[in-house]
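In what follows, a single structure is set out as structure tokens and then discussed.
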2 protein chains.
Amino acid sequence: MIDVAEAAGVARSTASYVLNGADESIPEVTRQRVLKAAEELGYRVNRIAQHMARRRSGLVGLIIPSIREPFFSSLTATLNELIQDQGLRLVFQVVDFEKGRDASALALQELIEWQVDGMVVHLEHASDLPKFQPLLQGTPTVYFGIDSAMRELGGLPNSYSICIDLYSGTRYAVEKLIDMGHRRFCFVDRMFARNDSRREATIDALRSRGVHSLVTLESDHEEVPQRVEAMMKSGEAPTAFVCLNDIHGLAAFRGIRNAGFSVPEHVSIVSCDTSWIGAYADPSLSGIALPLREAAVEAANLLKLAMSGEETETRSLTIEPQLMLRQSTGPVQC
Amino acid sequence: MIDVAEAAGVARSTASYVLNGADESIPEVTRQRVLKAAEELGYRVNRIAQHMARRRSGLVGLIIPSIREPFFSSLTATLNELIQDQGLRLVFQVVDFEKGRDASALALQELIEWQVDGMVVHLEHASDLPKFQPLLQGTPTVYFGIDSAMRELGGLPNSYSICIDLYSGTRYAVEKLIDMGHRRFCFVDRMFARNDSRREATIDALRSRGVHSLVTLESDHEEVPQRVEAMMKSGEAPTAFVCLNDIHGLAAFRGIRNAGFSVPEHVSIVSCDTSWIGAYADPSLSGIALPLREAAVEAANLLKLAMSGEETETRSLTIEPQLMLRQSTGPVQC
DNA sequence: TTGTATGCGTTATCAT
DNA sequence: ATGATAACGCATACAA
């Protein structure tokens, strides 16, 4: 830029004003001269230097447990669009909860070292909050998650939260299944799963309706088909499967078919996070659709609010998912 | 850091040495004092300042057309792991080719403004190279793509390329279908598709074997089922579908079923980019599996090489995909 | 071995 | 309206 200033015959500060500052109070002639010089020299700002001087990085951090899963890649994509529209840049940090207790702390610090101006943190459980909260003092943060406990996250200064209420959604879905006559359930969870809203809601729904037959499977989706097949062949097989997401749903589906049962005649399946993947199955998977875009939009809005610095009241949003009854659910056949 | 130095009673430079520099020649006592002070003050490097002084950002840019699609989110995830292992940080930039001609140039410049030390660029077509090449002078770059023309990308200084040879893979798959007796084909492409290896390979395979019946569909996957259904119901329906990926494959599948045909008895389907999604369909989708992790590993290796600064010869890698014959393909029934 | 001084590219605060 | 100059937080060559 110093070169540009020289070439245009003006001071550095003038060039800076023209190129990146407020446009006020610079005569058109000078402007054009500077612009022309910049063009000719192929000048590009150095954002690192710029943000060092401005003392704001223009970075927004995103903490997620995975980016391969459709749910998170979709979230990342949408958030990225919205963040970019605000003239900021998204940097994501995948934090693997399985790799030690303080992996999350390290991940956060990496982002903090990059001086992020704001942060969106996916919270698997509201109870993880204490791990993050102390490290995020002074960083405008939006917490994002499906744990219904997040709804009571109010009262934190400079932090906002969004909850996709998967608890209610799942509970409603399971009750629907009970209404259809199902009495033996199986919950298909991921490997090393921690108890989340989906499982809790399933358990609560069954308990409240006096249904006591629930088997829980914890597997990577690759293992699910054979485990489900074995289960279906041995003794009192479940008639209803509640699955973590479409991947696990399809995997369970495969196991059920392999055991010689058909959906929805013998067995019903519900996915707790369904998308086009489940929609294209045959029969198509019933499930709970999460309004991801809506949630991302709200997250971006809250973040903007948080980053504006204006001390507004802490806000906690709840978004209701939608139950999609497609073809994989039906009344139990005697 | 200046605080840390003061607290430890040493000079700033000493603190700097201990915290981030080479560990040589600093007495253990001093080291510990500095480390303790840093610990107590909760010191974190400011990477922006650090990289400004070092004149290297520690950033690697990734240019991709989407992050929502499984192929790219998976690529991003793997690349991110590998890049992070090298002590670098990945920043991605989604560039939507549909939004104007020079969107790609702008996207690149954004990353360049961030002073990325290296770049991984997904090239949809080798012919897009001229758009990027001039802007990437001086930035170690690895080009990544499925266009077979990329294999002849040699001769560029400081740039490397990796090609997943989808042309060969697709051509082989289509020839297999011809061997099975298929004579009427449909290629299911995305909306606003540009001609890519998959389509070219399909056309070439058919032509070389004297098969002249090919219909091409360009649609978002949401539209595919009804369009395929309509096609199946009218006149001479295709007996073989070659689909862009599993999403389009499943969508076509749905249309075929809706029209009252079954797979693979009446119709065969092949996906040009298959994954667990196709594997869990019923019948499971045959297709070409791209060794994404392998490709990402090679990309990371090449990038390391490129960024090492050592002037090695330009390298161009080709990776062969694998044909997975599952259940959606079979001989044509008369 | 440790301290001093300077530079990195930009913005911002002043004078002019 | 424009130009000089001091930060910004850290790394490093060089001096002590």
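By convention in this document, chain letters (A, B, ...) are assigned in the order of the sequence lines, proteins followed by strands, and residues within each chain are numbered from 1.
An OP1 or OP2 oxygen of D:dG9 is reached within less than 4.0 angstrom by a side-chain nitrogen or oxygen of A:Arg55. The shortest distance between the side-chain N/O atoms of A:Gln50 and the OP1/OP2 oxygens of C:dT11 is below 4.0 Å. Phosphate proximity of C:dT10 to A:Tyr43: present, with a side-chain N or O under 4.0 Å from OP1 or OP2. The side chain of A:Asn20 contributes an N or O atom lying less than 4.0 Å from OP1 or OP2 of C:dT11.
For the side-chain contact (heavy atoms from CB on, under 4.5 Å) criterion with A:Thr76, the lone passing option out of A:Val120, A:Ile64, A:Val94 is A:Ile64. The residue from A:Leu302, A:Ile63, A:Ile164 that alone fulfils the side-chain contact (heavy atoms from CB on, under 4.5 Å) condition with A:Phe144 is A:Ile164.
Aromatic ring centroids of A:Trp114 and B:His51 lie under 6.0 Å apart.
Atoms CH2 (A:Trp114) and P (D:dC8) sit 20 Å apart, rounded to a whole Å. The CZ atom of B:Arg47 sits 18 Å away from the C1' atom of D:dC8 (whole-angstrom rounding). One atom, CE of B:Met52, and another, C1' of C:dC8, lie 5 Å apart when rounded to the nearest Å. The interatomic distance linking B:His51 (NE2) with C:dT10 (C1') rounds to 18 Å, in whole Å. Rounded to a whole Å, the CD1 atom of B:Ile2 is 13 Å from the P atom of D:dA11. Taking atom CG of B:Leu19 as the reference point, atom P of D:dG9 lies 16 Å away to the nearest angstrom. One can place CZ of A:Arg56 at 18 Å from C1' of D:dG9, the figure rounded to the nearest angstrom. Regarding B:Asn46, its CG atom lies at a distance of 18 Å from the P atom of C:dC8, rounded to whole Å.
By the 4.0 Å N-to-carboxylate-O rule, B:Arg190 lies close enough to B:Glu69 to be salt-bridged with it. Classification of B:Asp147 and B:Arg194 as a salt-bridged pair fails, no side-chain N sitting under 4.0 Å from a carboxylate O. The pair A:Asp117-A:Arg54 fails the salt-bridge criterion, with no side-chain N (NZ, NE, NH1 or NH2) lying under 4.0 Å from an Asp/Glu carboxylate O. A salt bridge links B:Glu28 with B:Arg31: at least one charged nitrogen is closer than 4.0 Å to a carboxylate oxygen.
Checked against D:dT2, C:dT2, D:dA11, the side chain of B:Pro27 finds its nearest nucleotide in C:dT2. Side chain of B:Ala11, nearest nucleotide from D:dA4, C:dT4, D:dC10: C:dT4.
Remark: the backbone N or O of A:Ala11 is not paired with any side-chain donor or acceptor of A:Ser13 at under 3.5 angstrom. At least one donor-acceptor pair closer than 3.5 Å links the side chain of A:Ser57 to the backbone N or O of A:Gln115.
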Between the protein and nucleotides 12-16 of chain D, which nitrogen or oxygen pairs are less than 3.5 angstrom apart?
none

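Mapping B:Val10 and B:Ala49 onto DNA chain C via the closest heavy atom, the residue that lands nearer the 5' end is B:Val10.
Using a 4.0 Å heavy-atom criterion, one finds that B:Met1 contacts the sugar-phosphate atoms exclusively.
Counting only Watson-Crick or G-U wobble pairs whose defining distances are both under 3.5 Å, the stems of 3 or more consecutive pairs in DNA chain D are C:3-16 with D:1-14.
Between the side chains of A:Tyr160 and A:Glu298, not a single donor N or O lies within less than 3.5 Å of an accepting N or O.
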